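Just so we're clear, the structure is a prediction, and the values are computed from it rather than from any experiment. Naming: A, B, ... by sequence-line order, numbering from 1 per chain.
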Amino acid sequence: MTKPTPHALFARPALRPPIAPDLAMHRYRSHTCGALRDSDIGKTVRLSGWCHRIRDHGGVLFIDLRDHYGLTQVVADPDSKAFKLAETLRSEWVVRIDGKVRRRPGGTENPELPTGQVEVYIDEIEILGPAAELPMPVFGEQDYPEEIRLKYRFLDLRRDHLHANIMLRGKVIDSIRRRMKESGFFEFQTPILTASSPEGARDYLVPSRLHPGKFYALPQAPQQFKQLIMIAGFDRYFQIAPCFRDEDARADRSPGEFYQLDLEMSFVTQQDVFDAVEPVIRGVFEEFSNGKPVTPKFPLIPYADALRKYGSDKPDLRNPIVMQDVSEAFRGSGFKIFANILNADPTAQVWAIPAPKGGNRAFCDRMNSWAQGEGQPGLGYIFWREGEESGAGPLAKNIGPERTKQIADQMGLKVGDACFFVAGKPKDFVKFAGPARARIGEELGLIAMDRFEFCWIVDFPMYEWNEEEKKIDFSHNPFSMPNLPVEEFLALDAKDNDKLLSIKAIQYDIVCNGVELSSGAIRNHRPEVMKKAFAIAGYSEDVLETKFGGMLHALSLGAPPHGGIAPGIDRIVMLLAGEENLREVVLFPMNQRAEDLLMGAPSEVTPKQLKELHIRLDLPKK
RNA sequence: GGGGGCGUAGCUCAGUUGGUUAGAGCGCUGCCCUGUCACGGCAGAGGCCGCGGGUUCGAGUCCCGUCGCUCCCGCCA
């Protein structure tokens with residue numbers, strides 16, 4: 001069992017509760033368990049809390065009494081009339097104790113507790129809430145299986161670490177709200193019961209009792225509402241908005257529901273959105289980062305550059321590795337595999353992933369077998385070491401010293417370094433090159449862990465080629481404004497695929513430490529541009545009218561140019577808390593299968609309820 | 001929908017090439033202990049080894065299936 005570390009519980013500021021005069025003591029407490037100090041010595045006090053840890057020495061018995069605010073040691077010995085009762089207490093019983101504050105005997109002070117100079121000698125104990133044997137201990141910081149933690153979430157939340165995370169979440173949200181309001185945003189509440197939207201994720205549906213066969217949907221995001229708020233002329237909207245999506249979970253993606261800092265602004269360019277959002281995000285991170293540095297000015301990285309340099313549209317900029325195209329060093333070289341790939345396809349390239357200080361065979365072979373484990377044929381490499389300054393490894397021998405030097409010069413590599421290579425169509429190998437860059441950075445300890453590195457990813461392509469259906473598709477959000485003058489866009493030839501695929505959308509992501517916090521966009525607020533954009537992707541006007549008629553109509557009655565973004569609250573808190581899993585920063589999370597093990601959701605309902613809703617079940621066999 | 005990992009006491013885990021009565025720590029019950037803060041000591045209770053089938057003289061251990069949890073891919077305004 002790991003030693004419990006003195007953590008945030010003990011550092012939690014001791015909020016001062018109402019202190020009752022001794023003679024008219026409050027029913028449950030005169031002080032919290034984090035309040036008592038030297039200056040309280042001699043006072044008669046009343047504390048209530050949980051028995052965190054009990055140490056019974058026979059003749060003297062210590063209880064660490066815990067509440068939200070902290071920990072106080074209370075003591076009984078056979079001279080106390082409460083001694084017999086004290087001996088029956090067990091872990092996590094809730095008790096009220098009355099007693100006198102006294103200085104701890106010399107040498108027995110506990111410097112790790114703010115209350116560690118004093119203790120309370122018990123006169124009286126009242127058992128307020130006994131506890132049966134615990135399915136998981138509250139004491140200590142040991143890991144327990146998710147299933148037990150979720151089923152007994154209220155116990156898990158008593159533990160210091162989670163308790164502190166949830167408090168951090170509250171403070172972060174407070175700070176975001178304050179900063180947003182100070183920046184001139186107004187908070188609005190949008191409907192939870194709304195209409196099913198055909199785009200994007202699966203909806204959660206809610207049957208209507210009054211309208212047989214019809215359903216509400218929970219919002220995947222308040223996207224259309226916030227645009228309507230702009231059309232209504234409110235100018236600057238925000239909301240800590242609950243969002244519901246019926247999609248499978250990931251460690252950084254809650255199943256079912258999550259929260260976004262949803263915001264939208266009228267009469268703005270992309271840069272205006274950045275100027276509004278960046279100070280809020282930076283401010284929040286600086287406020288809660290515990291001194292970890294935060295990017296002072298978030299760089300703008302075009303989507304294509306992000307893929308080329310980092311192999312990802314959500315690059316972790318704490319990793320200094322930058323990839324480069326080294327196709328020329330391999331074209332027509334003696335390394336036939338790469339030379340043939342380059343020869344066969346004019347769009348094929350070879351990219352280099354530099355690995356500073358990775359210049360030894362053991363490391364390079366380890367990376368190679370990692371690549372094979374990832375389903376790759378391997379990961380070609382060159383490394384440079386003493387005595388083999390012109391490059392070592394089979395690849396170097398194949399292409400010869402001149403080309404090897406060309407690569408070393410281009411990549412700025414020297415003796416002691418290595419370089420890995422991926423070849424093929426960038427579109428295909430980038431899915432492997434990105435993780436390889438991350439892996440190399442991790443293995444070589446190149447990643448500066450103690451910082452928050454932000455960037456904006458910009459210039460997303462509006463369309464992409466759907467190879468399966470042999471047609472043009474929206475690549476991200478169909479409601480983003482194309483980055484072309486309106487007249488020029490309207491005049492586009494819908495068959496000019498090269499031109500269409502080169503169009504950028506005014507759309508952007510904000511990324512921190514390799515985590516995508518949000519997408520946003522300047523919205524397409526011109527119905528005729530929207531119709532054209534959908535026509536290019538092969539949607540008829542009928543379809544658009546059926547699916548988004550209400551929105552189109554609103555846009556046609558005087559819509560301001562507008563745009564926004566919606567950073568994920570859960571992910572922000574996750575980054576600030578240093579957690580890998582969203583469940584650690586959500587009060588009552590569901591498990592991976594979108595079940596609430598504590599409340600037992602989802603659950604069956606009574607036939608009466610179903611009948612009222614005009615629903616008959618058609619369950620899968622078995 | 002697909003792939004990887006895990007499943008042994010209330011909890012965390014160990015369990016050898018298949019071998020006799022499945023262990024430890026925490027927790028629980030009882031006894032002892034007047035300065036601990038992961039208190040200490042003694043004794044005790046507690047097991048469908050996830051479930052089902054198979055191989056074998058013999059299965060916690062090997063094989064097949066299945067269920068559950070988890071991580072990843074697909075999916076994700």
Side-chain angles (χ1 to χ4, degrees), chain A residues 1-6 10 52-65 71-80 83 87 90-92 104-113 115-116 119 121 131-152 155 197-203 217-227 241 243-256 258 260 262 373-375 431 435 474 476-480 507 516 518-521 523 564-566 568 580-581 583 591-593 595 597 622:
Chain A
M1 188 161 159
T2 49
K3 184 182 165 77
T5 50
F10 311 118
H52 187 63
R53 197 76 178 152
I54 297 168
R55 294 175 295 280
D56 185 350
H57 291 234
V60 61
L61 180 149
F62 303 95
I63 301 169
D64 291 333
L65 199 65
L71 218 55
T72 299
Q73 174 167 284
V74 301
V75 197
D77 64 25
D79 296 335
S80 163
F83 187 65
E87 283 186 304
R90 292 293 178 268
S91 278
E92 295 307 305
R104 290 193 186 196
T108 67
E109 303 86 353
N110 187 342
E112 300 199 336
L113 288 179
T115 62
E119 62 190 13
Y121 182 78
E133 188 179 344
L134 301 167
M136 60 172 281
V138 170
F139 177 76
E141 285 292 327
Q142 189 174 329
D143 277 334
Y144 296 96
E146 288 291 331
E147 198 175 357
I148 293 203
R149 293 184 60 197
L150 293 176
K151 187 168 177 189
Y152 300 99
L155 289 181
S197 87
E199 273 296 318
R202 271 188 286 270
D203 283 320
L218 306 182
Q220 295 176 20
Q223 179 65 34
Q224 293 196 40
F225 288 114
K226 69 174 175 179
Q227 292 195 238
C243 304
F244 306 89
R245 288 174 204 172
D246 187 7
E247 293 294 346
D248 289 353
R250 290 286 184 279
D252 64 350
R253 205 169 75 201
S254 293
F258 58 95
Q260 289 181 339
D262 195 40
E374 296 288 298
K431 281 192 173 171
F474 287 112
H476 293 86
N477 183 337
F479 303 109
S480 305
Q507 184 174 341
E516 181 192 321
S518 174
S519 276
R523 318 299 171 187
I565 195 165
E580 300 281 324
N581 194 302
R583 282 191 290 263
N591 70 5
Q592 193 175 29
R593 298 185 55 209
E595 294 168 310
L597 299 177
K622 277 193 279 185

Engineer: Counting side-chain heavy atoms from CB outward, which of B:U36, B:C71, B:G68 is closest to A:R104?
Structural biologist: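 Minimum distance to the A:R104 side chain belongs to B:U36.
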
Engineer: With respect to the side chain of A:A251, which nucleotide from B:C37, B:G35, B:C71 is positioned closest?
Structural biologist: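 That would be B:C71.
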
Engineer: Test your reading of the model: is there a side-chain donor-acceptor pair from A:R245 to the backbone of A:Q220, 3.5 Å cut-off?
Structural biologist: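 Yes; at least one donor-acceptor contact below 3.5 Å.
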
Engineer: Would you indicate which nucleotide in B:C71, B:C11, B:G35 comes nearest to any side-chain atom of A:V60?
Structural biologist: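 Minimum distance to the A:V60 side chain belongs to B:G35.
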
Engineer: Please compare A:G59 and A:P145 by the position of their nearest nucleotide in RNA chain B and report the one closer to 5'.
Structural biologist: A:P145

Engineer: Using the side-chain heavy atoms of A:E119, tell me which of these nucleotides is nearest: B:G35, B:C11, B:U70.
Structural biologist: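 Minimum distance to the A:E119 side chain belongs to B:G35.
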
Engineer: Quick check for you: among B:G1, B:C39, B:G10, whose closest atom lies nearest to any side-chain atom of A:R55?
Structural biologist: B:C39

Engineer: With a non-hydrogen cut-off below 4.0 angstrom, is A:D56 in contact with a base, only sugar-phosphate, or nothing?
Structural biologist: base

Engineer: Report the C-alpha distance between A:R55 and A:D64 in whole Å, list the side-chain angles of each, state the deciding distance to 0.1 Å, and finish with yes or no for salt bridge (Lys or Arg N to Asp or Glu O under 4.0 Å).
Structural biologist: CA-CA 9 Å; A:R55 294 175 295 280; A:D64 291 333; 2.9 Å; yes

Engineer: Select one nucleotide: of B:C76, B:G35, B:C72, the one nearest the side-chain heavy atoms of A:P105.
Structural biologist: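 The answer is B:G35.
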
Engineer: Without swapping roles, check the side chain of A:Q73 against the backbone of A:G116 for a donor-acceptor pair under 3.5 Å.
Structural biologist: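 The answer is no, because no donor-acceptor pair under 3.5 Å joins these two groups.
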
Engineer: Where the side chain of A:Q73 is defined as all heavy atoms beyond and including C-beta, which of B:G35, B:C39, B:G1 is the nearest nucleotide?
Structural biologist: B:G35

